[in-house]
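Take a look at the structure below.
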There are 2 protein chains.
Amino acid sequence: MKRTIYLEDLPLDEAWPRFAAALQSASLWQPLGTETIPLSQGLGRVTAEPVWARISAPHYHASAMDGYALRARDTIGASETTPISFTLAETWEDIAPGVRPAQAVNTGAPLPLWADTVVMIEHTQPSDDGLAVSLRASLAPWSHVRPLGEDMVATELVLPANHKLRPIDLGAIAGSGHATVTVYRRPRVAVIPTGSELVSSEQLAGSREQLPSSTPALSQFPHLHPGQIIEFNSLVLAAQVEQWGGLPTRWPIVPDEFEAILAAVRDAAATHDLILVNAGSSAGSKDYTAHIVQQLGQLLVHGVAVRPGHPVILGLIERGEQLAVSSEQSPVPSLQSPVSNPQSPISQSPLTPIIGVPGYPVSAALTGEIFVEPLLARWQGQPAYEPPTLQANLTRKLVSHTGDDDFVRVAVGKVGNKVLATPISRGAGVISSLVRADGLVRVPRFSEGEEAGAQVTVHLYRTVPEIERTILCIGSHDLTLDLMAQFLAERGRRLSSANVGSVGGLVALRRGEAHLAGSHLLDPDSGEYNVSYIHRYLPERPVLLITLVGREQGWIIPSGNPKGIKGWEDVARPDIRLANRQRGAGTRVLLDYELGRRGIIPEQVVGYEREEYTHLAVAAAIASGTADMGLGVVAAARALQLDFVPLAQERYDLVIPVEYEEGELLRPLLDLLHDGDFRKAVSALPGYDVSQMGMRHDEVNFSRD
Amino acid sequence: MKRTIYLEDLPLDEAWPRFAAALQSASLWQPLGTETIPLSQGLGRVTAEPVWARISAPHYHASAMDGYALRARDTIGASETTPISFTLAETWEDIAPGVRPAQAVNTGAPLPLWADTVVMIEHTQPSDDGLAVSLRASLAPWSHVRPLGEDMVATELVLPANHKLRPIDLGAIAGSGHATVTVYRRPRVAVIPTGSELVSSEQLAGSREQLPSSTPALSQFPHLHPGQIIEFNSLVLAAQVEQWGGLPTRWPIVPDEFEAILAAVRDAAATHDLILVNAGSSAGSKDYTAHIVQQLGQLLVHGVAVRPGHPVILGLIERGEQLAVSSEQSPVPSLQSPVSNPQSPISQSPLTPIIGVPGYPVSAALTGEIFVEPLLARWQGQPAYEPPTLQANLTRKLVSHTGDDDFVRVAVGKVGNKVLATPISRGAGVISSLVRADGLVRVPRFSEGEEAGAQVTVHLYRTVPEIERTILCIGSHDLTLDLMAQFLAERGRRLSSANVGSVGGLVALRRGEAHLAGSHLLDPDSGEYNVSYIHRYLPERPVLLITLVGREQGWIIPSGNPKGIKGWEDVARPDIRLANRQRGAGTRVLLDYELGRRGIIPEQVVGYEREEYTHLAVAAAIASGTADMGLGVVAAARALQLDFVPLAQERYDLVIPVEYEEGELLRPLLDLLHDGDFRKAVSALPGYDVSQMGMRHDEVNFSRD
């Protein structure tokens with residue numbers, strides 16, 4: 001049954017044409033079909049036919065004002081000194097020969113056939129008996145008249161085919177005499193998650209969903225066994241399909257069994273226009289997708305030279321007949337998307353395209369963007385989506401594999417007049433990196449990358465206004481920054497924080513790569529926080545140094561303190577493995593200071609070289625049992641239900657160059673330091689002291705003069 | 001009951017703050033409430049609370065590769081010449097003391113507790129008995145391992161509040177242990193169309209909806225009486241509400257009766273968050289909205305100094321109790337939007353905002369953009385929509401009323417390197433002008449407008465790529481251009497055609513304001529088409545002159561030819577009223593040429609001064625009975641079921657500067673002239689001859705040397 005499968009490295013600019021050519025041969029590189037729907041359902045749909053006006057608009061000569069319909073020639077000679085009187089008439093028959101008629105008309109009312117102009121009511125005087133009006137100026141023919149067909153003339157083109165309908169378009173179609181519109185039908189897309197290790201998030205969440213909303217919850221982990229993975233790619237892929245105009249059907253999780261996946265795929269092929277199988281698209285022992293595509297049809301592409309997203313499968317399989325499905329196998333439609341619309345049968349092609357989507361979430365999402373979106377667009381008569389782009393300068397070197405088209409996630413921000421893009425170098429398994437990404441930089445094949453400072457084109461995930469209201473905070477991590485991000489979001493700002501340690505933050509400020517930095521650097525000589533470091537790293541740069549919080553540092557240790565850890569000295573015990581922080585972190589400075597005071601050298605400390613980048617990562621190392629202690633804040637220990645040995649109280653400050661302090665962008669952030677609700681939320685975190693929040697340390701500038 | 005109502009002229013920058021302040025006092029200038037929904041329904045919704053990670057991701061140390069889990073210290077010393085062998089183990093208990101263990105792991109599998117690194121399967125050699133693998137290189141700890149919390153650590157902020165959910169966000173929320181998300185509920189908006197003259201388009205369309213799709217249909221007018229107006233503003237407003245995240249309810253049309261409108265508004269107030277009443281917002285005798293707002297609550301603003309859209313009403317009314325509604329009065333929900341979600345009660349405020357929306361469709365749509373969108377955004381925790389902008393140069397002077405904020409519809413195109421904005425100076429009743437508009441230019445109060453050539457900011461309705469694939473055709477109108485627009489839409493181009501007559505088109509080309517012009521200018525001396533005019537209006541500009549169609553010109557006359565019109569001479573009959581074309585139109589040139597040949601002077605022609613801008617507008621004048629004849633093409637006569645007296649065959653050419661001819665933009669258009677389907681579609685129009693389509697007239701350039 002299974003044949004040997006090799007993973008190719010087909011360049012993207014060969015993979016797509018191969019796929020497109022096969023689709024074209026199968027008459028699938030074109031819209032799938034049409035349906036006629038009421039206009040009230042038309043928003044966002046795409047016209048499949050031109051819309052021609054059935055009637056003219058207006059379909060009669062209409063008064064454009066409240067006033068009186070007249071004959072222009074009757075008004076000749078009217079002036080301030082020689083008013084002309086008009087006799088009010090309901091119908092033409094009312095009027096005696098030789099009398100000048102006038103008929104009251106409201107805006108939109110038809111002109112009587114005998115009339116050819118309209119005078120505004122404000123420009124007339126009624127007679128005392130109310131049976132006539134007089135004018136003191138003559139009128140040109142067709143004054144204040146909307147002539148028949150002014151807007152649209154019957155048979156004119158109202159909208160061409162392939163037009164995505166906006167609210168105003170629906171009005172124009174209705175106004176030209178239609179109640180319905182013929183649009184391309186929405187493609188039906190089956191999303192089939194496969195993997196015996198998968199657990200659906202709905203299953204997992206159970207009854208403990210309710211969490212306190214304003215502060216991080218100190219909840220227990222839901223019961224999830226090591227090796228089990230929460231299945232969410234189908235949620236992402238289905239939402240992508242929905243966003244791109246398709247009708248997704250999420251299949252229940254199919255275990256890693258050849259026959260089970262085969263049955264799901266055959267079933268989906270009979271009822272859907274496109275099948276996405278996630279994952280099993282690589283060449284491992286349990287990667288069945290390629291075998292299934294070979295068995296049911298044609299495997300066109302297996303492996304594309306893109307990063308992330310290499311193990312992609314593109315194929316075409318026989319549609320076949322719909323199988324009788326048992327109740328366990330029947331797909332569970334996602335709640336927002338009806339499974340089928342009886343008015344729109346699936347494509348008449350005997351073939352169904354199938355895409356094997358890689359399993360890592362970043363790869364899966366990018367496969368959606370690269371392969372699924374252009375196909376759904378094509379099926380709906382639209383060009384592939386072109387994201388807005390922005391020119392930006394790289395803050396650091398970007399190394400790329402020459403053999404691949406690289407799609408590099410970047411964070412983008414505008415600091416001063418410079419737009420900066422910082423590569424987010426995280427694995428394809430890190431979904432949060434794509435959540436945080438502001439865009440992608442595409443590094444083509446044969447390029448080895450770009451130097452720091454190079455200008456690159458960013459394909460944006462956010463709008464330029466969103467980028468412009470983003471505050472870039474680079475430096476030391478603190479849980480308070482998460483709370484701050486939350487409060488700022490409600491105040492029209494986005495806080496993008498990158499955690500590179502306190503020194504890294506000061507360096508980023510010097511390079512003009514951030515609006516502010518969080519810093520808690522102890523000067524071993526003076527016992528003072530941050531001032532001497534600012535002088536060293538930001539010479540001659542006027543900055544605001546302002547305290548965010550005071551916080552407790554100490555040993556994060558396993559619950560129950562099984563190794564009896566008491567103080568600084570325990571770090572040198574041979575039976576104790578440290579989880580350390582990276583160089584430049586304020587916490588690392590504190591540790592090195594305290595080690596130095598005690599004459600302990602790094603070689604004495606087991607695990608000294610294991611560097612983690614955040615307090616929570618240190619806590620996670622302890623929680624997982626791979627380290628016995630780590631220096632960090634009490635909140636991180638509490639968050640993961642660990643114990644804590646307090647050692648020191650330290651000051652965590654914000655460093656803000658004065659030019660940004662005075663700008664509009666940072667105002668809500670500075671206001672927040674004096675906001676009662678924010679202080680209350682921070683106080684609720686264990687180990688935090690807000691008594692000095694907002695205190696300015698002017699010595700940082702005075703001392704330099 | 002009714003009090004006297006005056007229409008104000010409140011500046012926009014006073015009207016909005018007054019409205020916002022009243023909403024704030026009523027606690028309505030903030031999100032209305034929240035609801036917790038499954039993630040599968042979350043796309044496009046806005047988080048009402050921050051999302052904190054419930055679990056870490058991964059929640060265990062996971063292998064990042066297919067391979068073997070090992071202890072890094074066991075690999076020390078392995079090299080090409082000294083491989084180290086590892087014994088395969090299912091569990092730790094299998095392993096004898098002193099033996100180096102290895103455990104097979106697939107990607108995503110948990111590391112055994114004793115292991116701290118992973119070797120890729122490709123870098124190992126299996127032993128012959130399959131019980132061991134050997135390595136030829138040492139490994140660092142934590143190689144090919146995704147450590148616990150690499151992606152997210154429990155309690156970290158996943159997403160802040162006020163974040164609009166994208167597909168990838170749904171994945172991150174699920175991956176951090178949630179199955180639901182708490183979002184702002186969607187505001188419910190009642191859209192109440194009022195007016196005794198209104199007819200719903202659904203009602204009107206009846207059974208004759210099916211029309212041929214590829215060519216303009218020669219259909220009869222649906223039965224609509226003069227004075228009746230198709231109601232489509234509610235369709236536009238409801239679609240706007242839907243687009244902006246609200247849940248619209250379209251009310252059935254309410255007649256112009258105070259009590260009926262009052263009842264509808266009271267009923268809507270009890271069940272909706274916002275009421276839009278359209279129209280009756282001015283100060284005429286049947287404009288009840290302001291009176292109703294006064295009766296039920298507070299009339300905040302009546303009349304805003306904006307154009308279009310002056311007679312806007314902003315108010316707050318008492319919510320009251322839901323009335324018992326009779327079946328006739330009960331609202332008909334639009335099909336796409338459920339009326340109510342029992343989980344999300346309407347706002348607790350005792351007040352409901354109400355907006356009186358002006359009746360002209362352009363005014364109504366702009367009122368939606370100016371007043372409704374920011375409110376719905378606010379209610380969903382979002383900033384008001386900021387459209388993309390583009391800098392452009394005005395092609396002609398823009399005159400503005402100093403007292404008003406003017407929102408000027410413009411067509412935008414890129415010709416060569418210049419982005420040009422042409423004001424569309426049509427009335428607020430002309431919905432097609434807003435359909436065709438590419439954006440708005442805002443001319444603030446106190447400005448008298450802008451000079452031709454001035455740089456202005458365009459707030460775009462289309463994306464920049466759409467603008468860039470727009471072909472600007474300015475010149476003479478021909479029905480074939482509508483067909484061409486239709487065919488080009490399927491080929492990735494948008495044809496924007498402005499009808500200014502043949503000479504106007506050549507002038508536009510000279511000014512660099514168009515990519516091509518349609519022209520049918522007869523030279524009275526040579527009997528030749530277009531060449532001498534091109535030499536006059538485009539001296540020294542190399543152009544391509546290429547024939548689009550040959551077409552029949554003649555008298556468009558009422559059906560049955562009641563006045564017995566036979567030829568050119570009838571135009572001078574005193575009993576015959578002409579509908580003329582504007583100066584510069586090729587048809588006008590033809591008429592003037594033929595009049596001159598016959599010694600007929602304009603003063604002899606009744607209606608000579610009545611200028612229409614298109615063939616169809618001339619036909620509409622005949623159809624409406626306000627003129628007896630007009631010169632035009634047979635297709636226009638047939639479209640409106642009029643008769644036609646053929647007089648001459650003329651050549652209609654395209655004039656294309658060679659620099660555009662050679663560009664990528666116009667290629668699909670030039671290809672179309674040799675496309676069989678296009679020729680067939682044009683041939684199907686009466687009076688068109690495609691035998692010369694695509695013929696190049698090189699004499700236009702040779703003759704200048």
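Numbers restart at 1 for each chain; the letters A, B, ... are given by sequence-line order, proteins then strands.
For the residue pair B:Tyr60 and A:Gln228, the shortest heavy atom distance occurs at CE2-O, 3.6 Å. When every heavy atom of A:Leu235 is checked against every heavy atom of B:Ala174, the shortest pair comes out as CD2-CB, 3.8 Å. Taking both residues in full, the closest heavy atoms of B:Leu157 and A:Arg436 are given as O-NH2, 3.7 Å, listed atom of the first, atom of the second, then distance. For B:Ala154 against A:Leu616, the heavy-atom pair with the smallest separation is O-CD2, 4.2 Å.
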| request: Verify side-chain contact (heavy atoms from CB on, under 4.5 Å) between B:Phe232 and A:Leu39, making sure each step is shown before the conclusion. | output: CA-CA 10 Å; B:Phe232 55 74; A:Leu39 287 174; over 6 Å; no
| Derivation and outcome, side-chain contact (heavy atoms from CB on, under 4.5 Å), residues B:Thr107 and A:Tyr360 | CA-CA 10 Å; B:Thr107 306; A:Tyr360 274 133; 3.5 Å; yes
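Looking at A:Trp142 and B:Thr626, their side chains come closer than 4.5 Å, going by heavy atoms from C-beta outward. A:Ser40 has its side chain within reach of B:Arg250: a pair of non-hydrogen atoms, C-beta onward, lies under 4.5 Å apart. Taking the side chain as every heavy atom from C-beta outward, A:Gln243 and B:Pro167 approach each other to under 4.5 Å.
Atom CG of B:Leu479 is separated from atom OG1 of A:Thr155 by 6.0 Å, given to the nearest 0.5 angstrom. Note that CG of B:Leu170 and CG of A:Asn233 are 12.0 Å apart. Values are rounded to the nearest 0.5 Å. Once rounded to the nearest 0.5 Å, the distance linking CG of B:Asp169 with CD1 of A:Ile431 reads 8.5 Å. Here B:His59 contributes atom NE2 and A:His225 contributes atom NE2; the two are 9.5 Å apart, rounded to the nearest 0.5 Å. Rounded to the nearest 0.5 angstrom, B:Glu242 CD and A:Leu43 CG are separated by 5.0 Å.
When the options A:Val435, A:Leu434, A:Val236 are evaluated for a side-chain contact (heavy atoms from CB on, under 4.5 Å) with B:Arg166, the one that passes is A:Val435.
Highest contact tally toward chain A, considering only B:Gly427, B:Pro58, B:Pro226, is held by B:Pro226 [criterion: heavy-atom pairs under 4.5 Å]. When each of B:Ala621, B:Ala489, B:Ala485 is scored by its heavy-atom pairs under 4.5 Å with chain A, the top score falls to B:Ala489. Ranked by heavy-atom pairs under 4.5 Å with chain A, the list B:Gly492, B:Gly429, B:Ala62 is led by B:Gly429. Across B:Ala161, B:Gly44, B:Gly149, B:Ala48, the residue that shares the most heavy-atom pairs under 4.5 angstrom with chain A is B:Ala161. When each of B:Ala109, B:Ala619, B:Pro465 is checked for heavy-atom pairs under 4.5 Å with chain A, B:Pro465 comes out on top. Ranked by non-hydrogen atom pairs under 4.5 Å with chain A, the options B:Ala365, B:Gly171, B:Ser234, B:Pro160 are led by B:Gly171.
For A:Asp482, the parts lying near chain B are the backbone and the side chain together; criterion is any non-hydrogen pair under 4.5 Å. Neither the backbone nor the side chain of B:Thr47 comes within contact range of chain A; no heavy atoms are under 4.5 Å apart. The part of B:Ile230 that comes within reach of chain A is its side chain, from C-beta onward, which places non-hydrogen atoms under 4.5 angstrom from that chain. Heavy-atom distances place no part of A:Glu197 under 4.5 Å from chain B, backbone and side chain included. In this structure, chain B has heavy atoms under 4.5 Å from both the backbone and the side chain of A:Ala64. Contact of A:Thr463 with chain B is not made at all, since no heavy-atom distance falls under 4.5 Å. Heavy-atom distances place no part of A:Arg494 under 4.5 Å from chain B, backbone and side chain included. For B:Arg469, the part lying near chain A is the side chain, with the backbone staying farther off; criterion is any non-hydrogen pair under 4.5 Å.
Remark: A:Ser433 engages A:Val362, A:Arg409, A:Ile424, A:Arg426, A:Val430 in a side chain to side chain contact (heavy atoms under 4.5 Å, CB included) (not counting sequence neighbours).
No side-chain donor-acceptor contact under 3.5 Å links A:His178 and B:Ser201.
Remark: the backbone N or O of A:Met152 is not paired with any side-chain donor or acceptor of B:Ser432 at under 3.5 angstrom.
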